[in-house]
Amino acid sequence: MAVKAGELHKVETGSWPFDLAATLNSGQVFHWHAMGDGFAGVIGRKAVWVRQVEPGLLECTGGMAETVREYLGLGEDMAAMAATFPADDAALQRAVAWCPGLRILRQPSWECLATFITSSLKQVPHIRAISLRLRERFGELVREEGLPDQWAYPEPSVLAAAGEAALRECGLGYRAAFLVRTAETVASGAMDLGAVATMDDEKALEALTTLHGVGDKIASCALLFGFGRTAAFPVDVWIERVMRELYFPRARKLTHERLKTFARRRFGRHCGVAQQFLFHWARLTDCGRSEIGN
DNA sequence: TTCCAGGTAACGC
DNA sequence: GCGTTACCTGGA
């Protein structure tokens with residue numbers, strides 16, 4: 001599908017590298033799809049198409065430049081954050097150098113939290129399929145000239161009203177009950193995500209984990225990718241694996257709490273960002289085993 | 001067929 | 001507290 005060139009707006013990405021494809025395909029978000037030489041997706045309630053023209057420059061469809069900029073985390077000073085990483089940590093520095101253009105997204109908090117609730121014990125293609133089915137069936141249709149039909153992520157009240165059975169039809173399995181209960185809690189106001197955004201990291205994590213189906217990992221993903229908390233450190237099987245190999249090769253028992261404490265001390269106040277570089281590197285190189293020249 | 005994957009809640013000790 | 005186990009689904 002053709003996107004009218006005249007309606008495209010430019011977004012400068014700054015002096016630190018930026019890699020659109022890597023960022024959208026790094027397990028932070030699951031609904032963008034390749035279209036032409038760019039990506040089509042939805043930010044909040046607006047459909048958008050964005051492509052990387054050159055290393056420091058993006059183009060996006062009309063009126064979305066500022067939204068895209070915010071969503072892609074381009075307002076954050078990545079150079080300054082990377083400068084807080086330990087210079088003598090060869091593994092982390094290698095992970096950053098391997099894909100320096102990776103950024104932490106700033107997604108709307110509800111869709112980020114809800115999507116990660118549906119991610120447990122699922123592989124990325126499954127998460128994508130579930131996410132798209134939920135949008136298609138329960139989300140608001142968003143149209144933009146020149147773009148295919150897309151759907152916003154369904155509001156909490158809509159998913160709460162839909163009920164568990166309908167969500168199971170979307171392939172959620174046992175996650176359906178988790179999502180419905182959490183949607184009810186948010187829709188009723190018993191959990192105010194806006195209030196969570198004002199809490200300190202520890203309180204915010206504590207609040208989110210009271211939600212059904214939200215444990216430490218999913219709450220941390222929501223905080224990192226949906227609340228801009230760069231100190232949130234989700235421990236999933238990939239991070240556990242890469243950190244075990246890099247930092248605890250002889251440890252027999254390694255709790256997630258111990259990994260988080262270690263990460264905070266070693267990587268610093270933006271340890272969540274470090275996590276994303278390590279995660280991406282580990283996943284795409286199989287912890288370095290398939291890294292070219294290694 | 002059988003196994004298992006980007007986790008959580010519920011249970012047992 | 002800490003260690004197991006069940007849980008839906010879909011792909012290998």
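In what follows, chains are A, B, ... by sequence order, proteins preceding strands, each numbered from 1.
Of the listed nucleotides (B/dT8, B/dA10, B/dG6), B/dA10 has the atom at the smallest distance from the side chain of A/H212. When distances run from any side-chain atom of A/H126 to the nucleotides C/dG10, C/dC8, B/dA9, the shortest one goes to C/dG10.
Spacing between B/dG6 and C/dC2 at atom C1', rounded to whole Å, works out to 24 Å. Comparing B/dA9 with C/dG10, their P atoms sit 23 Å apart, to the nearest whole Å.
Taking the six-membered ring where the residue is Trp, the centroids of A/F116 and A/F225 are separated by under 6.0 Å. The six-membered or imidazole ring of A/F267 lies away from that of A/F277, with a centre-to-centre distance of 6.0 Å or more.
Side-chain N/O atoms of A/R175 include none lying less than 4.0 angstrom from OP1 or OP2 on B/dT8.
Atoms CG (A/L172) and P (C/dG10) sit 10 Å apart, rounded to a whole Å. The CG-C1' distance, from A/L134 to C/dT9, rounds to 14 Å in whole Å. The separation between A/F178 atom CZ and C/dT9 atom P is 14 Å, rounded to whole Å. Between the CG atom of A/L179 and the C1' atom of B/dG7 there is a distance of 15 Å, given to the nearest Å.
Taking a 6.0 Å sphere around CZ of A/R181, one finds it holds 12 or fewer heavy atoms contributed by other residues, nucleotides or ligands.
A donor N or O paired with an acceptor N or O is found under 3.5 Å between the base of B/dG6 and the side-chain atoms of A/R283. At a cut-off of 3.5 angstrom, the base of B/dT8 holds no donor-acceptor pair with the side chain of A/K217.
With both pairing distances under 3.5 Å, B/dG6 is matched to nothing as a Watson-Crick or G-U wobble pair.
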Next item on the list: Would you please test A/E202 and A/R229 for salt bridge (charged side-chain N to carboxylate O under 4.0 Å, His left out) and show each step?
Entry: CA-CA 11 Å; A/E202 198 179 335; A/R229 303 300 178 91; over 6 Å; no
